[in-house]
Peer 1: 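Below is the structure I would like to discuss, written out as structure tokens.
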2 protein chains.
Amino acid sequence: MAEAKPEKKNDRVTIREVAEDAGVSVAAVSKVLREAYGVSESLRNRVRASMNKLNYRPPASARGMRGQTYTLGPVLPDIRNPFFADILAGVNSALERTQYQLMMGTSHSQGPAEEALVEAMIDRQMDGIIMIGTTEYMDRLGNIAKQKPLVTIGHHAETSQLFDTVNNDDQLGARLVVKHLLANGFRNIAMLSSASTTSTILAERELGYRREMIENGVGENINIIRAPQTLR
Amino acid sequence: MAEAKPEKKNDRVTIREVAEDAGVSVAAVSKVLREAYGVSESLRNRVRASMNKLNYRPPASARGMRGQTYTLGPVLPDIRNPFFADILAGVNSALERTQYQLMMGTSHSQGPAEEALVEAMIDRQMDGIIMIGTTEYMDRLGNIAKQKPLVTIGHHAETSQLFDTVNNDDQLGARLVVKHLLANGFRNIAMLSSASTTSTILAERELGYRREMIENGVGENINIIRAPQTLR
DNA sequence: CTGAAAGCGCTTACAG
DNA sequence: CTGAAAGCGCTTACAG
């Protein structure tokens with residue numbers, strides 16, 4: 001199936017053409033693209049001008065082969081939950097001025113299993129996975145984190161009465177997601193918790209989290225954030 | 001930022017290792033992977049056995065460089081709309097036994113603009129774009145279709161009273177989406193319509209659709225599907 | 001600060 | 001039916 005029928009050679013502009021236009025090397029263009037250090041401002045400006053002029057846009061698959069895809073993958077168990085939409089909005093706003101984009105997957109109902117979805121994202125070289133309201137066990141999460149930067153949000157579903165509160169947590173969480181993934185995002189799992197001190201359940205969860213992290217050799221990355229629970 | 005800190009070489013199994021294990025060429029493995037013709041059953045079996053044994057999974061970015069990424073990108077204006085969730089479920093079920101996965105984007109609220117999202121998907125070598133409830137104009141849609149196989153669902157939002165009916169349309173639509181994209185999916189746009197004959201609005205839309213398709217040189221791909229409107 | 005060359009892991013003609 | 005080799009468009013050491 002899928003016999004290619006290229007009625008029109010879709011010749012995208014390549015980095016090489018940009019390099020020629022700007023009169024620099026391909027490596028130089030790559031550096032500007034990655035906002036890497038060690039590039040003079042004049043070179044950078046010249047390259048950027050050529051990029052705009054030629055309307056250059058880098059293909060993620062070529063970049064992904066050796067570098068990053070600039071794609072983050074949120075996986076949601078249920079797309080309809082307004083709680084999740086709020087989280088995504090938060091993440092999106094934090095991503096606004098970056099090259100990153102969210103390409104999300106949902107494992108609800110007839111969709112793929114959560115595990116299959118995560119694998120698909122790993123196969124697609126996502127730079128990071130964001131699991132929202134996951135029901136996976138800690139050992140499985142640890143396993144994922146070994147392959148890709150992972151952040152969990154709202155780990156273990158809260159009861160529906162808590163949605164408002166959880167939303168508050170996740171405005172903060174969204175920031176953290178991005179901070180972690182963009183900055184030194186390898187093998188870190190942050191766990192969002194709440195400031196509620198009456199909950200022994202939370203204590204248990206955190207304990208389990210710590211243990212698993214340590215057992216998975218990423219104990220130094222343990223990071224539990226406690227957000228205050230405001231009513232409303 | 002994002003200095004790589006590869007605490008553990010993430011050495012995925014490559015096609016080359018599979019080839020060695022199976023005692024065949026790399027090209028042969030690639031053929032099995034793509035389910036291409038011209039491969040003996042014995043070779044195929046041997047390769048599949050090695051794939052399982054080594055737990056091989058092909059990286060989308062490597063495949064995407066010359067071939068496909070096996071990823072379809074649904075674009076939603078509003079993630080909370082239950083109507084959209086149903087559509088996605090339908091598409092997912094049609095995709096079940098394939099290598100394809102959905103990685104969706106939402107342009108709602110603080111998210112990226114619909115246009116930016118589509119560009120991001122094109123940049124990420126999605127094999128096809130599925131625009132659900134889009135508000136883009138026809139010329140813009142034609143422009144997208146020139147770059148990637150495109151299917152629109154629920155073009156021009158229906159009023160909310162029609163959700164049930166529209167859902168019915170889209171169970172069918174989901175099938176069509178897949179059929180189009182997988183089969184000969186280049187530069188096709190199918191438009192889903194309804195069997196309602198009292199609506200002059202529909203007639204107008206279809207007319208506009210036809211015209212735009214023709215003006216964009218893809219008139220031979222015009223495809224309007226009329227699904228019966230059942231109550232319930 | 002800048003560039004030439006190798007390499008990422010596939011797919012794609014092209015031979016055989 | 002099977003395989004060797006080139007090539008996709010970037011990024012990454014390595015020189016200069």
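Numbered from 1 within each chain, the chains take letters A, B, ... in sequence-line order.
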Peer 1: What I'd like to find out is whether the side chain of Thr69(A) reaches to under 4.5 Å of the side chain of Gln125(B), using heavy atoms alone.
Peer 2: no

Peer 1: Using Watson-Crick or G-U wobble geometry with both distances below 3.5 Å, tell me the partner of dA4(D), or none.
Peer 2: none

Peer 1: Choose from dC10(C), dG3(C), dT11(D) the nucleotide whose nearest atom is closest to any side-chain atom of Arg63(A).
Peer 2: dT11(D)

Peer 1: Select base, sugar-phosphate, or nothing to describe what Ser30(A) touches, counting heavy atoms under 4.0 Å on all strands.
Peer 2: base

Peer 1: How would you label the contact of Val24(A) with the nucleic acid (heavy atoms, under 4.0 Å): base, sugar-phosphate, or nothing?
Peer 2: sugar-phosphate

Peer 1: Distance check: side-chain N/O of Tyr56(A) vs OP1/OP2 of dC10(D), anything under 4.0 Å?
Peer 2: yes

Peer 1: From the list dG9(C), dT11(C), dC8(C), which nucleotide is the closest neighbour of the side chain of Pro59(B)?
Peer 2: dG9(C)

Peer 1: What is the distance from CD of Gln125(B) to P of dG9(C), rounded to the nearest Å?
Peer 2: 18 Å

Peer 1: With the side chain of Ala27(B) defined as its heavy atoms from C-beta on, choose the nearest nucleotide among dT2(D), dC1(C), dT12(C).
Peer 2: dT12(C)

Peer 1: Using Watson-Crick or G-U wobble geometry with both distances below 3.5 Å, tell me the partner of dA13(D), or none.
Peer 2: none

Peer 1: Could you please name the option among dC8(C), dG3(C), dC10(C) that lies closest to any side-chain atom of Arg66(B)?
Peer 2: dC10(C)

Peer 1: What's the closest nucleotide to the Ser40(A) side chain, out of dT11(D), dG3(C), dT2(C)?
Peer 2: dT2(C)

